[in-house]
Amino acid sequence: MGNCCIPFAGHDDSDEIAMESLPLHSEGNGSPRISRQSDMQATASLTTYTSFPKYTPENQRKKGQYAFRGYHASFGRIPGSSEAELIAAGWPSWMVEYAGEALKGWVPRKEKSFQRLETIGEGTYSQVYRALDLEQHKIVALKKIKVNDLEPETIRFMAREINILRRLHHPNIIKLEGLVASEMSCSLYLVLEYMEHDLAGLASHPGLKFTEPQIKCYMKQLFCGLDYCHRQGILHRDIKGSNLLLDNNGNLKIADFGLANFYDPQKVHPLTNRVVTLWYRPPELLLGATCYGSSVDIWSAGCILAELYVGEPIFPGRTEVDQLHRIFMLCGSPSDDYWSLLKLSPPDFFNPQKYFTRRVAEIFKGLPAPALALIETLLSIDPSARQSAIHALNSEFFLSEPLPCKPEELPKYPPSKELNAQVRDEARRQAAGESKSYIDDVKGEGSMKSRAIPELRLNAELYLSMLASFLY
């Protein structure tokens, strides 16, 4: 599948994988929000790992990609001498105390070395700016992490994102270029490579409709990035349009690893199910599963693929219960052995007498057969049936005509982010004298909304009317 899909070494079986018991709550827009009380419980169970590996020529595989065997960065304290060295290098004491291992080998940048130009993204715990690096003379993205009252748990989870970004080196993963920290301001900035677009903002641009070769190009890059992450033992756990960044050369990069975590498919440990933005969250997480793997990212990728064709989110749930109903009505009710295999109990609202047959092929009958076949696999109710990212890359979808275009063949667009799309929508509503609709209030942040292929829009409307007849 090309040099973006080179296999990487797995984890050493002797390595421990972080256990996590971090419940989250959902914001009104469906994005997960960390519960502080649960944070404290989860942090107590985090396991300390060996030190971060040096990037040596022996570790290099090809085109700047690296293989690791069992290296996990620590979230705990490091020896006093090392702490002193980090403080002497300029790191603030509040970071060294709780996130020292994530900083080893790096020197902090100064905030005055950057000129903030505009806000390009906002989240519950962060804000992203387009900025000018005055020393390197280039445009970068500055992600400001909101460190509330210097709580140790917040700093430790922030350290995990830094650790994960430091160990990922792949053309389809956002690159962490540095860190900006200050003892006085108690703030932290991640210096990231700047990307002109995100997929959600681009897809929602008025008049824009992706061709099939373009959809295949974007999805191929997404699956290459996911394949690399999963081979490195990392789950992203928040795949959505606004976290898929694009540059003017057509390169797609997975970003925002704030909810990412380590995992080992050979050593399953409980993880929180309160992750992934609601509209892209797989059914097993909605049902309370805590033992899962790469299939959660694969489900989200399936939602993205269907959304690129249809032009609308396919599961725009208002609540978790509503989300499950929408999934079951399209993908079918779980089988009788589903509950025992996933070690789950049917929720109180689940009515086994109301059985839904799978209707993916009917709703998406306007899609080309290879696209429909891949969506059928990715949106399987059974997580094990979704296969892997490398399986998707080897599917007929990417091998059949029309083939994926090359990234450099993609059209050039003016800069567009999801934040720009929200501003455009609000301005259009105000100009028309409209109020913000309920569906926008609960919109799964990071979704895409563009012009759909006409036949698919008819099928999408059939699906929505089917939902309405059941839910209302």
Donor-acceptor check, side chain of [X] to backbone of [Y], threshold 3.5 angstrom: yes or no?
X    : Y    : value
N243 : I239 : no
W299 : R386 : no
E193 : K175 : yes
R130 : I139 : no
Q323 : F315 : yes

Can you confirm whether [X] sits close enough to [Y] that some side-chain heavy atom of one is under 4.5 Å from a side-chain heavy atom of the other?
X    : Y    : answer
S388 : I298 : no
N261 : V275 : no
I164 : F262 : yes
Q221 : C217 : yes
V128 : T119 : no
I145 : Y189 : no
D238 : T277 : yes
Y280 : E307 : yes

| field | Aromatic plane relationship, H230 with Y263 - under 30° parallel, 30 to 60° tilted, over 60° perpendicular | value |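 Y263 and H230: perpendicular rings.
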Closest approach of [X] to [Y] (non-hydrogen atoms, all atoms of both residues):
X    : Y    : answer
V296 : E284 : CG1-OE2, 3.9 Å
Y309 : P368 : CE2-CD, 4.2 Å
N163 : A102 : OD1-CA, 3.3 Å
A181 : P92  : CB-CD, 3.7 Å
L188 : I162 : CD2-CD1, 4.0 Å
I314 : C303 : CD1-CA, 4.3 Å

| field | Test log, rule side-chain contact (heavy atoms from CB on, under 4.5 Å), inputs I120 and Y194 | value | CA-CA 10 Å; I120 57 176; Y194 176 71; 3.9 Å; yes
| query | When you look at C229 and I173, which way does the side-chain contact (heavy atoms from CB on, under 4.5 Å) test go after all the steps? | reply | CA-CA 9 Å; C229 287; I173 304 294; 3.5 Å; yes
| said: Set out, in order, the CA-CA distance, both residues' side-chain angles and the distance that settles side-chain contact (heavy atoms from CB on, under 4.5 Å) for Y129 and F114, then state yes or no. | reply: CA-CA 11 Å; Y129 305 95; F114 299 88; over 6 Å; no
| query | Between F397 and K216, is there a cation-pi geometry (under 6.0 Å to ring centre, at most 45° from the normal)? | reply |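 K216 over F397 ring: yes.
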| said: To the closest 0.5 Å, what do you measure between OG1 (T290) and NE2 (H269)? | reply: 12.5 Å
| Got a second to check how far L245's CG is from L202's CG, nearest 0.5 Å? | 11.5 Å
| Would you call E135-K110 a salt bridge at under 4.0 Å N-O? | no
| said: Taking E320 first and then R274, would you say they form a salt bridge - that is, a charged N and a carboxylate O separated by under 4.0 Å? | reply: yes
| message | Taking the six-membered ring for Trp, are Y218 and F210 closer than 6.0 Å centroid to centroid? | response | yes
| field | Heavy-atom neighbours of K412 NZ exceed 12 at 6.0 Å | value | yes
| said: Apply side-chain contact (heavy atoms from CB on, under 4.5 Å) to residues R326 and W279 and explain how you reach the verdict. | reply: CA-CA 10 Å; R326 292 170 183 270; W279 291 7; over 6 Å; no
| remark: From the list R109, Q136, K138, side-chain hydrogen bond (donor to acceptor under 3.5 Å, both in side chains) partner of E177 resolves to K138
| message | Under 3.5 Å, is there a donor on one side chain and an acceptor on the other for S113 and D133? | response | no
Contacts under 3.5 angstrom, residues 248-257 side chains, donor-acceptor by atom type, not counting sequence neighbours:
residue, atom, partner, partner atom, Å
N248, OD1, H197, NE2, 3.1
N251, ND2, D247, OD2, 3.1
K253, NZ, P171, O, 2.8
D256, OD1, K143, NZ, 3.3
D256, OD1, G258, N, 3.2

